Amino acid sequence: MSKKKQKTFRPKARLPRGFGDVNAHEVRTMAAMIKTIGEVYELYGFEPLETPALEFAECLGKFLPDADRPNEGVFALQDDDEQWMSLRYDLTAPTARFVAENYDALAKPFRRYQTGTVWRNEKPGPGRFRQFVQFDADTIGSAEMAADAELAMMWSDVMEKLDIARGDYVIRMNNRKILDGVLDKINLLGDDEASAATRLTVMRAMDKLDRLGSDGVRLLLGEGRKDESGDYTKGAQLDAASIDKVIAFVEAGKDTNKATLTALAELIAGSEIGEAGIAELAEIDVLTSAAGYAEDRICFDPSIVRGLGYYSGPVMEAELTFEIKDEKGNLVRFGSVGGGGRYDGLVARFKGIEIPATGISIGVSRLYAALDKLGKHKAASVRAPVIITVMDKSERATYQQMAMDLRQAGIRAEVYMGSSGMKAQVKYADKRGAPLVVIQGEDERANDEITIKDLVVGSKASKDITDNEEWRTSQVAQITIKSADLVSKIQEILAKPHHQH
RNA sequence: GCAGUUAUAGCUCAGUUGGUUAGAGCGCCUGGUUGUGGACCAGGAGGUCGCAGGUUCGAGACCCGCUAACUGUACCA
């Protein structure tokens, strides 16, 4: 052996980008959110379903891993028998698989809700992760607009149950058939490849109205647009008349849903598919209006596009409309926190027969981030445990009994599990945010007493004490009680206002 | 994917036209205080200056390549 020290390999402790740890506060608030959303879904009659994280790649849809880039878009791996499996990238595709697999046994329409983690192998950004949580509800096997209307209203209920005030959010709704109507009017509904490609470009451009404004969209519909970094995006090369039509369409939103429908009807008059879409939205409007859900909650917005893949009828998006400032004072808008719509073709991939379906997907992770910045999380705070210090290790059983007594009364309590001295123990309690510290050393034990130190009161008192001698010897915010009174005394102290949240 | 910017301690960042042992604040640890959080005081740990090459007597700084992160943009079931 050489005398040189072998350099031991130490991996850098780090996480792949787009993945994040979830701390105690986040776990609790996220769980509370999920509970709230689930309760609303249950109220509407939806049933829970869980499916696995991995599915056969071919079941999830068009993102089949190929030999060159097996993990583009999805995380995929090969089973023993070389079949490709993928981590699910949404909850809709697994649901379609489930329905196709169990179709005969299900009560139709099948109404289920599901929450879970999904994974996407793509570039992360602010508010965008490679692993995140969604919470979906779908009605499968109904072509009725009532199903879409119900989801929009339920979504609105969810937002308000999460303490997002009416006006701070809005469910925006459009219809893919109306979008097709516009494309129809500018002669882009052809089956040829060129039309299909231009269609995509046009829809992408329309979807960017909120971010780029109508001037930016105009550029994307025409020649192309150069962004501030100098990168150039080629446009759809439409002629001026067509551009005007598309712009008029995306800006056709009015103050009331009825007025929007009227405006849209004029713009796409003569297109069969477009008129069908307007009829669908009109039907939804009747139902939502009758239930009292006005434009301040569910708003028809012609600029909503929502993905390019499978939607076939109404599409919707939940948007947070308030703005707040970040640490640097910049205005931050959260924007979309979920999407949904009708996808009549999805189950047909498996069954051959078309089964109409509609659903919504709430982006729990994004919504969480937004509510966190708003300070709107409820039920998030759990009181830290009372810490019982270990003054004499030989008395551990006694301290343990104190903790058990407190727990019996429903009070979080823990005996200090480390081996440091008292100073470190109180410091530990402080760092944990403990409300109280329980102390029983030799002196107390001799008199069958226990000392309770109130860390909240002590913290306030420390501001007026600059002398350490005084701080130490005055034993600030401490009381000594009879051992038998431990639980009742602590209950009494914790009921005081300064220990309430 | 494309473009721009950046990379120095756990965090936020200094580091002069290239010059000796690379700094500060905050945080962390220890002691002042063997039975007490904060404040204060004293001390301490922590860096292959992203990686690899080159220019130079000499590189944290200059040049080339790579990597990563950030921002914008594209894509987004």
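What you are looking at is a predicted structure, and each value in this text was computed from that prediction instead of being measured. Here is the naming used below: chain letters follow the sequence lines, and residue numbers restart at 1 for every chain.
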Integer angstrom distance from the C1' of B:rC75 to that of B:rA3: 16 Å
Listed nucleotide nearest any side-chain atom of A:R120, set B:rU73, B:rC75, B:rA77: B:rA77
Pairs satisfying ring-ring contact (aromatic ring centres under 6.0 Å, His included), at least one member in residues 426-461 of chain A, at least two apart: A:Y416-A:Y428
Length of the line joining A:L220:CG and B:rC75:C1', which is rounded to integer Å: 14 Å
Spacing of the C1' atoms in B:rA59 and B:rU48 (rounded, Å): 15 Å
Protein proximity profile, nucleotides 31-41 of chain B - base contact B, sugar-phosphate-only contact S, no contact -, cut-off 4.0 Å on heavy atoms: --B-BBBBB--
Of the listed nucleotides B:rC76, B:rA77, B:rU73, the one nearest the side chain of A:R204: B:rC76
Span that lies between the P atom of B:rG10 and that of B:rC41, in whole angstrom: 25 Å
Below 4.0 Å: OP1/OP2 of B:rC76 and any side-chain N or O of A:R306: no
Spacing between A:M203 atom CE and B:rC75 atom P, to the nearest angstrom: 12 Å
Sugar-phosphate, base or nothing in reach of A:R211, heavy atoms under 4.0 Å: sugar-phosphate
C1' gap between B:rG72 and B:rA14, integer Å: 29 Å
side-chain contact (heavy atoms from CB on, under 4.5 Å) between A:I450 and A:M402, worked out: CA-CA 10 Å; A:I450 291 173; A:M402 293 177 193; 3.7 Å; yes
A:Q134 CD - B:rA77 P separation (whole Å): 11 Å
Spacing of A:L212 atom CG relative to B:rU73 atom C1', expressed in whole Å: 10 Å
Distance between C1' atoms of B:rA45 and B:rG31 (Å, rounded): 14 Å
Distance, rounded to the nearest Å, where A:Y428 contributes OH and B:rC28 contributes P: 16 Å
Residue pair A:V182 / A:V246, side-chain heavy-atom distance below 4.5 Å: yes
A:R111 side chain near A:S142 side chain, heavy-atom distance below 4.5 Å: no
Validation row: A:V74, A:L60 side chains within 4.5 angstrom (heavy atoms): no
Near-parallel close stack of A:Y89 and B:rA77 base (under 5.5 Å, under 30°): yes
C1'-based separation of B:rG60 from B:rA7 [nearest Å]: 11 Å
Nucleotide B:rC76, atom P - distance to CZ of A:R130 in whole Å: 19 Å
Closest-nucleotide ordering on RNA chain B, the 5'-leading residue of A:K431 and A:K208: A:K431
Distance, P atom - from B:rG18 to B:rG58, rounded to whole angstrom: 16 Å
Aromatic plane relationship, A:F46 with A:Y41 - under 30° parallel, 30 to 60° tilted, over 60° perpendicular: tilted
Backbone of A:T233 reached by a side-chain donor or acceptor of A:R225 within 3.5 Å: no
A:V202 and A:L221: CA distance, side-chain angles, deciding distance, side-chain contact (heavy atoms from CB on, under 4.5 Å) verdict: CA-CA 6 Å; A:V202 171; A:L221 290 170; 3.9 Å; yes
Whole angstrom value for the distance that separates C1' of B:rC76 from CH2 of A:W119: 18 Å
Phosphate OP1/OP2 of B:rC75 contacted by A:R128 side-chain N/O (<4.0 Å): no
Nearest-angstrom distance, P atom, B:rC11 to B:rG50: 14 Å
Consecutive-pair stems (at least three Watson-Crick or G-U pairs, under 3.5 Å) that include RNA chain B: B:1-7 with B:67-73, B:10-13 with B:23-26, B:28-32 with B:40-44
Validation row, ring centre A:F350 to ring centre A:Y103 under 6.0 Å: no
Spacing of A:K234 atom NZ relative to B:rC2 atom C1', expressed in whole Å: 16 Å
Sub-4.5 Å side-chain heavy-atom contact between A:I479 and A:I493: yes
Where A:R112 and A:L91 come nearest, the two heavy atoms and their spacing: NH2-O, 3.3 Å
